[in-house]
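Inspection log for the structure reproduced underneath, given as structure tokens.
Computed from a predicted model, the values in this text were never measured in an experiment. Convention: sequence-line order gives letters A, B, ...; per-chain numbering from 1.
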2 protein chains.
Amino acid sequence: MLGKTYPGQDCSAARALEIVGERWTLLILRDAMFRGYVRYSQFTESLGIATNILARRLEGLVAAGLMEIRTPMSRSDHVEYHLTRKGLDLKPVIVALTQWGDAWLGPGPVTFRDAATGAEVSLGFQTADGRAPEVGAVVARRRTPPTI
Amino acid sequence: MLGKTYPGQDCSAARALEIVGERWTLLILRDAMFRGYVRYSQFTESLGIATNILARRLEGLVAAGLMEIRTPMSRSDHVEYHLTRKGLDLKPVIVALTQWGDAWLGPGPVTFRDAATGAEVSLGFQTADGRAPEVGAVVARRRTPPTI
DNA sequence: CCGTATCCATTCCGATACTG
DNA sequence: CAGTATCGGAATGGATACGG
């Protein structure tokens with residue numbers, strides 16, 4: 001995870017996958033983001049992951065700045081793993097995977113909603129003027145370098 | 001890939017990751033989606049992936065229905081791997097990873113645009129009434145089962 | 001009970017050589 | 001060009017033992 005696992009790839013998606021592309025990592029983040037899990041035992045019970053692998057993944061997530069270790073003042077006998085803003089910002093990745101799974105593998109057990117209003121939330125493409133292009137219409141273009 | 005790699009996970013994201021969560025898979029799809037690559041040699045040159053691994057991944061993507069093999073009538077001496085609609089629909093996953101990488105690891109070489117208008121395209125959360133909730137406000141709720 | 005560390009069998013990956 | 005075969009090394013999974 002720390003050594004470049006996709007060498008020679010000048011691409012943000014590849015660099016992101018060097019951090020979150022390993023087995024189990026995105027499911028750990030899912031549990032933290034949408035189930036509020038913070039403790040080691042919660043992750044093991046939820047995932048059935050081997051304990052040595054979980055320890056390694058949590059260590060990597062903390063090292064990468066996606067999670068941080070907190071020790072609650074009340075219960076100082078254990079630590080908690082909390083998402084940072086950097087980790088929380090991966091929510092669209094999880095939602096995108098979920099929406100694809102719902103659409104192509106059959107609906108799963110959850111939908112996404114706005115916590116304040118309860119309105120259903122979806123993830124989609126949008127332009128500055130408020131249009132929603134089709135998937136097929138979205139293309140990648142080389143970024144115009146800022147002319148300093 | 002075909003044997004359940006995340007057993008006991010009743011979750012669309014986990015099921016999606018059983019198909020696209022292996023090393024290299026999402027980068028192969030990125031090349032197919034945004035660079036138009038269709039041939040074996042294009043993927044090897046782009047990724048630097050071992051040939052046996054690429055063969056295994058392509059085979060898996062075809063088996064899962066994300067790609068299909070075409071033999072162009074003009075050049076029947078080679079095959080091409082084309083995305084299906086199912087594969088193309090993973091575009092939001094790639095874009096979500098790219099946007100996160102741009103934001104947290106430094107901007108990458110590309111942006112996403114509407115092919116028709118050239119307008120910049122972003123991926124974001126939206127509600128039915130057109131609002132855009134913050135990441136922190138998006139929560140998962142158990143799907144209300146259809147009352148048949 | 002919480003979490004970590006170690007050992008070992010199995011699977012996966014990567015580099016190279018090879019075939020049509 | 002498009003793969004397949006092989007083999008050494010790395011990652012993973014599971015059990016178990018260890019420390020607080």
| Phosphate OP1/OP2 of C:dC2: any A:Y81 side-chain N/O under 4.0 Å | no

| field | Whole-Å gap separating P (C:dC12) and CD (B:E18) | value | 13 Å

| query | What is the distance from CG of B:L47 to P of D:dA2, rounded to the nearest Å? | reply | 14 Å

| message | Given 3.5 Å as the limit, does a donor-acceptor pair link the side chain of B:Y6 with the main chain of A:W24, or not? | response | yes

| Okay, side chain of A:S12, backbone of B:G108: is any donor-acceptor separation there less than 3.5 Å? | yes

| A:W24 CH2 - D:dT12 P separation (whole Å) | 11 Å

| query | Ignoring hydrogens and geometry, is there a side-chain-to-backbone donor-acceptor pair from A:S46 to A:Q42 under 3.5 Å? | reply | no

| query | To the nearest Å, how far apart are B:I69 CD1 and D:dG3 C1'? | reply | 12 Å

| DNA chain D: 5'-proximal contact among A:I53 and B:T51 (nearest heavy atom) | B:T51

| message | With a 4.0 Å cutoff (strictly under), does any side-chain N or O of B:R57 reach OP1 or OP2 of C:dC13? | response | yes

| Of the non-hydrogen atoms in B:V135 and A:K91, which two are nearest, and what is the gap between them? | O-NZ, 2.9 Å

| query | Taking atom P of D:dT12 as reference, at what distance in whole Å does atom CZ of B:R23 sit? | reply | 10 Å

| task | Calculate the interatomic distance between A:E59 atom CD and C:dT4 atom C1'; express it in whole Å. | result | 11 Å

| Aromatic ring pairing A:F34/A:F112, orientation class (parallel under 30°, perpendicular over 60°, tilted between) | tilted

| query | Between atom CD1 in B:I49 and atom P in C:dC13, what is the gap in whole Å? | reply | 9 Å

| note | Considering only heavy side-chain atoms of A:Y40, the closest of D:dA2, C:dT4, C:dT6 is C:dT4

| said: Does B:F43 reach a base, just sugar-phosphate, or nothing at all? Heavy atoms under 4.0 Å. | reply: nothing

| task | Mind calculating the distance between CG (A:L54) and C1' (C:dT6) to the nearest angstrom? | result | 17 Å

| Can you find a donor-acceptor pair, distance only, under 3.5 Å between A:N52 side chain and D:dG14 base? | yes

| field | A:R56 side-chain proximity, nearest of D:dG3, D:dG13, D:dA11 | value | D:dA11

